[in-house]
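To keep things clear, I will list the structure first and then write my remarks on it.
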Amino acid sequence: MRRIFCVAQFTFRELIRSNMLYIWFLSVVVFSALAFLLSILSFGEVQKIFMDLGLVGMEFSGLLVLILSLAVTYNTEFDQKAIYLQLAKPITRGEYLLGRVFGFFSIISLVIIGMGLFIAGLVTLVGGGQVPVLFVYSTLFLLIEMFVLTTLGLTFQMIGTSMVGVVLYTMFTIFLGHGMGQVDWLLNQKLAPTVKTMLRIVHFLLPNLEAFNLKDRIYDPNLVLGWTQWQEVLLYAFAYSFVVFLIGWINLEKREFM
Amino acid sequence: MNWATSEKPFKYAALSLTTFFILQVFLCVNLDKWVHPEPFESSQAGQLDPKIVSSLRAAALLSGYKVLVGHVFWIRVIQYYGDGSNGADHYAKLYDYCRLASDLNPQFLPVYTYGAAALAYQQNRMNEGVELLQKGILANPTVNNLKLMLAAMTYHNSEDYAKEIPFLEIQIAQGNAPTMLVNILANTYTKAGRIDDAIRLWRQILQTTDSDVQKYEASQKLKELYAIAKKNPSEKDKS
C-alpha cells in the first residue's frame with residue numbers, strides 16, 4: 001500500500017510540475033466568461049446557465065488534464081525511458097500502474113473540485129442563489145467518471161505504442177462512451193441481427209459514460225437517484241475500472257523494455 | 001507472484017477479468033433502465049434544414065454536452081426572432097426552432113415561456129404556442145409558470161381578457177417571466193378596458209427597461225392611452 005502511495009505521490013508532484021493546474025485557471029476564466037456571455041444574451045434563468053456551464057467546464061477541464069497528463073507522462077515514461085528507474089525499484093508493475101491511476105486521479109479531482117467550489121461560490125455569494133443538491137451529486141458522478149477514464153487512459157498508455165495513439169484512443173472512447181445512450185436506443189429499434197450483435201458488443205465493451213452524466217439532468221424532475229442507483233453506478237464503475245486495470249496490468253507485465 | 005516465470009498469475013488475471021467483465025455487462029444493462037427511463041424521441045426537423053438539425057443533435061448527443069449545445073442554440077433562436085428580415089414570412093421557423101431548443105434542453109423554461117408568448121401573442125399562432133407549452137408542462141410537471149401561461153393563453157384565445165389577466169399577473173409576480181409577457185399584460189389591460197392599470201404598467205416598463213426599442217414602444221403606448229383617457233374620463237372614474 002505504501003509503495004502505491006509513493007508512486008501516486010510522485011505522479012501527483014510530476015503533474016503539478018508539468019503545470020497542469022494552469023488548466024484549472026484557464027477553465028475558470030474561459031467558462032465563467034462564456035457563462036456570463038450566455039446569460040447576457042439569453043433571457044432569464046441566469047443561475048441555471050451558470051450551473052450548466054460550470055458543470056460542463058468541470059468535466060471539460062478534467063478531460064483536458066487527463067489527456068494532457070497522458071501525453072506528458074507517455075513522453076517522459078516511455079519515450080525518455082523514465083519508467084526504467086521506477087520499475088528497477090522494489091515495486092511490482094501492478095503497484096506501479098495503480099499508483100499512477102491514483103496520482104492522475106488526485107490531480108484531476110483537485111481541478112474538478114476547485115472549479116466546482118468556484119462555481120458554487122459564484123452562484124451563492126455573487127448571484128445570491130442556492131446550489132441544488134444534484135450539483136454536488138453531479139460533481140461526485142463526474143469524479144467517478146474521471147476515475148474510469150483515468151484507468152482506461154492509463155491502460156491505453158500501457159497498450160499504445162505512441163503518444164498520439166494514446167491520446168486518440170482516449171478521445172474516441174470519451175466520444176463513443178457518451179454515445180452509449182443512443183446505442184441503447186438503437187438496440188431497441190428494428191435492425192438487422194448482425195448489426196444488433198455488433199452494437200451490443202460495442203455497448204458492453206465501451207464505458208457507458210452516460211451513466212455518470214448527471215450534469216444534463218440536474219433540473220430534471222423525472223430523475224430518480226436513490227441508494228440503489230448509487231450502488232449500481234459505483235459497482236459498475238468499479239467493475240469496469242477493474243477489468244480495464246487488469247488489461248493494463250497484463251500488458252505492462254508482457255511489455256519488454258529494451 | 002512472478003509473472004515472468006509462471007503462467008499461474010495470468011490464469012488468475014483471466015478469471016478475474018472474465019468475472020468482472022460479466023458483472024459490468026450485467027450492471028450496464030441495469031443502468032440503462034434508469035439512466036434513460038424514456039426512449040429517445042425528438043421533434044421532426046419541420047421547416048429547418050434536416051442536415052443542420054441532424055448535425056446539431058449529433059454534436060449534442062455524442063459530445064455529452066447536450067445542455068451546453070441547447071444553451072448555445074437558444075441564442076440562435078433569439079437571434080432569429082430578433083432579426084427583422086425574418087419577419088417577411090412571419091418567423092415561420094420559430095416554432096421548429098423552439099421545439100429543437102427544447103429537445104436539447106427540456107428543463108430550460110425560457111424556451112417555452114418566451115417561445116409560446118412570441119408565437120401565440122405576437123404572431124397569432126395560438127395552436128403552436130399551446131403545443132410548445134404543453135411540451136414544456138410534460139417535461140416540467142412541477143413548474144407552475146407554464147400552467148398559468150397556458151391558462152392565460154386559453155382565455156386570450158376566447159377573448160375573455162378579464163379572466164386572462166389574473167393568470168398573467170400571478171406569473172409576472174412570481175418572477176422569471178419574460179419581459180415580453182409584461183408588455184402582453186399591459187396590452188391585455190387595454191383590451192379589458194383597464195386603462196389606468198395599463199398606464200401604470202407602461203410607465204413602470206418605461207422606468208425600468210434598458211431596451212431603447214421597449215422605451216420607444218412604452219412612450220408610444222402611453223401617448224395613445226393618455227389620449228383614450230382624455231376622451232373617456234368616465235372610464236378613468238370607473239376604474
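In what follows, every chain begins at residue 1, and chains take the letters A, B, ... in the order their sequences are listed. Quick note: numbers below take in every heavy atom, side chains included, and nothing from hydrogens, waters or symmetry partners.
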request  = With a 4.5 angstrom heavy-atom cut-off, could you sort out which part of A/N213 is near chain B: side chain, backbone, both or neither?
outcome  = side chain
Side chain / backbone / both / neither for A/L63 at chain B, heavy atoms under 4.5 Å = side chain
inquiry  = At a 4.5 Å cut-off on heavy atoms, which part of B/A139 comes close to chain A: side chain, backbone, both, or neither?
reply    = backbone
task = State which residue, out of A/F238, A/Y240, A/Y236, fulfils the ring pair (Phe, Tyr, Trp, His ring centres under 6.0 Å) condition with B/F20.
result = A/F238
inquiry  = Given heavy-atom pairs under 4.5 angstrom as the criterion, report whether the side chain, backbone, both or neither of A/F242 touches chain B.
reply    = side chain
query = What part of A/I49 lies closer than 4.5 angstrom to a heavy atom of chain B: side chain, backbone, both or neither?
reply = both
key: Atom group of B/T142 that falls short of 4.5 Å from chain A, counting heavy atoms   = side chain
ask   = Aromatic rings B/Y97 and B/Y80: how do their planes relate, parallel, tilted or perpendicular, breaks at 30° and 60°?
value = tilted
Proximity breakdown for B/I75 and chain A, heavy-atom pairs closer than 4.5 Å = side chain
request  = Specify which of B/G64, B/S16, B/A14 makes the most heavy-atom pairs with chain A at under 4.5 Å.
outcome  = B/G64
note = side chain to side chain donor-acceptor pair (under 3.5 Å) filter on B/D83, not counting sequence neighbours, yields B/S85
message = Tell me whether B/K66 is salt-bridged to A/D52, with the criterion being a basic N under 4.0 Å from an acidic carboxylate O.
response = no
note = Counting heavy-atom pairs under 4.5 Å with chain A, the top scorer among B/L23, B/I78, B/V143 is B/I78
message = Salt bridge or not between B/D96 and B/R99? Use side-chain N to carboxylate O under 4.0 Å.
response = yes
message = So if I apply the side-chain contact (heavy atoms from CB on, under 4.5 Å) rule between B/F21 and each of B/T19, B/T18, B/V25, which one comes out positive?
response = B/V25
query = At a heavy-atom separation under 4.5 Å, does A/I247 approach chain B through its side chain, its backbone, both, or neither?
reply = both
ask   = Where does the angle between the aromatic ring planes of A/H178 and B/Y65 fall among parallel (under 30°), tilted (30 to 60°) and perpendicular (over 60°)?
value = tilted
